[in-house]
Participant: 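This is the structure I have questions about; it appears just below.
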Amino acid sequence: MSLRLYIPGPVTVSESVLKAMTQPMMGHRSKGFVALYNEMQPRLQALFRTADPVYLSTSSAWGVMEGAVRNLTRKGVLNCMNGAFSDKWNDVAKRCGKPAEALRFEWGEAVDPAAVRAALATGKFDVLTLIHSETSTGTLSPLADIMAVAREFPDVLTVVDSVSSFSTLPIDKDALGIDILLTGSQKALALPPGLALMAVSERARARAATVEGRGYYFDLLEFHENHLKGMTPSTPCISLLYALQQKLREIDAEGHEARFARHLRLNEAVRAWGFAKGFELLPRREFGTRGLNCFRNTREVDLERLNATLKARHSLIIDGGYGKLKGKTFRVSNMGDETDASIARLLAALDDALAEQGK
Ligand SMILES: *Cc1c(COP(=O)(O)O)cnc(C)c1O
């Protein structure tokens, strides 16, 4: 039996998606490729809730996270930081040579819109980065409130990472005025790693046209020029695009609302299990994200032993805490293709593995 991944990425990839990836290669400038690209585009726009183009990048999410900062920043970037991924984005912006400042919150806290307003009011910034769902802490920041603040500053372009929230709940890109909404393949979308997706506003492209040093691989103008032809700038990982095509068809067959409802239901089921076992979420409950739960290890479970038991007896694993939270928290994913049955199996396995430790 293959190992089922309840870690918050990569998550288990379905048989149907794996099979789609075995389709034969084609030229990336061929009619077949353009048909593939153009079939996916409206489905992607519907999922991103946008009329803007959705570009596909053969890279992990970090590629386009770095690219967004390089393309858009002239004056300075404000990085909202409340966990491992958002903290690193500040470091990445600095490594790109951009003036970057940190807006720090404790790990497990959500980003506070009032603090964002105060920082942007200094006038030092023309880009804001935000991680909607901080995967390292299972924290969902109040996106609508933060975007309402950002819209008070028309010169500030917004880049929102939705790697672990995309398609688990609705994100109204255009209605909220998000300039770049990006995600990766191996978490909420349950595809293999290596693909990043980003919906990019016209004003983001206009800004990019005035910025030096965009490079080539993540140049938004290159993406757009090729997008108009139904293509990507360079040869993409076509197998991953076959996987995405299959996934988008499945998402549309399920229905977006049904998909959001399924994620909420499964997320609540895992939460209820954790609360019944005496665990609490790391973030305040109202800021708990919906594609995973990050619990405090309040009962001092030996998480390495827990995972060893889960693996040996049940062929599955969860996550024992990210970075400085290792051992102190554990994270359980309900992203991707999980079902009531697969989550019930997981919870029964967790019960068994806890009992094995007398917990
Ligand atoms: C996993 C993750 C990333 C980085 O993804 P890569 O695919 O490793 O580049 C970025 N942001 C968030 C919120 C993530 O969970």
Side-chain angles (χ1 to χ4, degrees), residues 5-13 48 55-70 77 79-93 95-96 103 105 107-111 128-143 146 158-169 171 173 178 180-199 217-218 236-237 240 243-244 247 263 267 282-283 287-294 318-326 329-336:
L5 303 178
Y6 292 92
I7 57 175
V11 302
T12 304
V13 177
F48 275 86
Y55 307 139
L56 304 175
S57 167
T58 294
S59 67
S60 83
W62 274 116
V64 299
M65 291 164 77
E66 172 171 332
V69 167
R70 288 181 62 188
V77 51
N79 304 115
C80 301
M81 293 160 60
N82 62 339
F85 294 103
S86 47
D87 286 8
K88 186 166 157 183
W89 215 345
N90 180 245
D91 180 42
V92 168
R95 289 197 208 187
C96 293
L103 182 63
F105 304 90
W107 280 31
E109 276 180 18
V111 171
L128 176 75
T129 69
L130 173 74
I131 292 199
H132 181 214
S133 168
E134 217 342 313
T135 317
S136 61
T137 64
T139 305
L140 194 69
S141 283
L143 181 62
I146 295 165
T158 48
V159 186
V160 176
D161 166 320
S162 66
V163 172
S164 63
S165 54
F166 185 73
S167 82
T168 70
L169 44 75
I171 303 175
K173 180 192 169 294
I178 299 167
I180 298 187
L181 180 62
L182 65 90
T183 192
S185 51
Q186 78 275 24
K187 293 184 192 171
L189 286 171
L191 297 171
L195 186 69
L197 305 86
M198 59 174 163
Y217 200 71
F218 298 110
C237 179
L240 278 173
L244 178 62
K247 176 60 62 183
H263 280 86
N267 186 262
L282 177 67
F287 295 125
T289 195
R290 293 309 187 170
L292 65 133
N293 283 295
C294 179
I318 62 163
D319 170 86
Y322 193 105
K324 66 187 184 190
L325 295 175
K326 190 168 170 11
T329 62
F330 60 97
R331 299 178 302 163
V332 182
S333 169
N334 59 278
M335 292 185 279

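Counting starts at 1 for both ligands and their atoms, in listed order. Numbers for residues simply follow the sequence, beginning at 1.
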Participant: Between ligand 1 and the protein, find all N/O pairs closer than 3.5 Å and give the distance for each.
Facilitator:
| residue | atom | partner | partner atom | Å |
| --- | --- | --- | --- | --- |
| ligand 1 | 7 (O) | A61 | N | 3.4 |
| ligand 1 | 7 (O) | Q186 | NE2 | 2.8 |
| ligand 1 | 9 (O) | S60 | OG | 2.5 |
| ligand 1 | 9 (O) | A61 | N | 3.1 |
| ligand 1 | 9 (O) | W62 | N | 2.9 |
| ligand 1 | 11 (N) | D161 | OD2 | 2.6 |
| ligand 1 | 15 (O) | T135 | OG1 | 2.4 |
| ligand 1 | 15 (O) | K187 | NZ | 2.7 |

Participant: Between F85 and Y322, does the ring centroid distance fall short of 6.0 Å?
Facilitator: yes

Participant: Mind listing the closest non-hydrogen atom pair of P192 and L240 along with its distance?
Facilitator: O-CD2, 3.7 Å

Participant: Does the S141 side chain pair with the main chain of H132, one donor and one acceptor, at a distance under 3.5 Å?
Facilitator: no

Participant: Given 3.5 Å as the limit, does a donor-acceptor pair link the side chain of D161 with the main chain of L182, or not?
Facilitator: no

Participant: Nearest 0.5 angstrom please: Y6 OH to N334 CG, how far?
Facilitator: 10.0 Å

Participant: Counting N and O atoms only, with roles assigned by atom type, does the side chain of N79 sit under 3.5 Å from a partner on the main chain of T129, one being a donor and the other an acceptor?
Facilitator: no

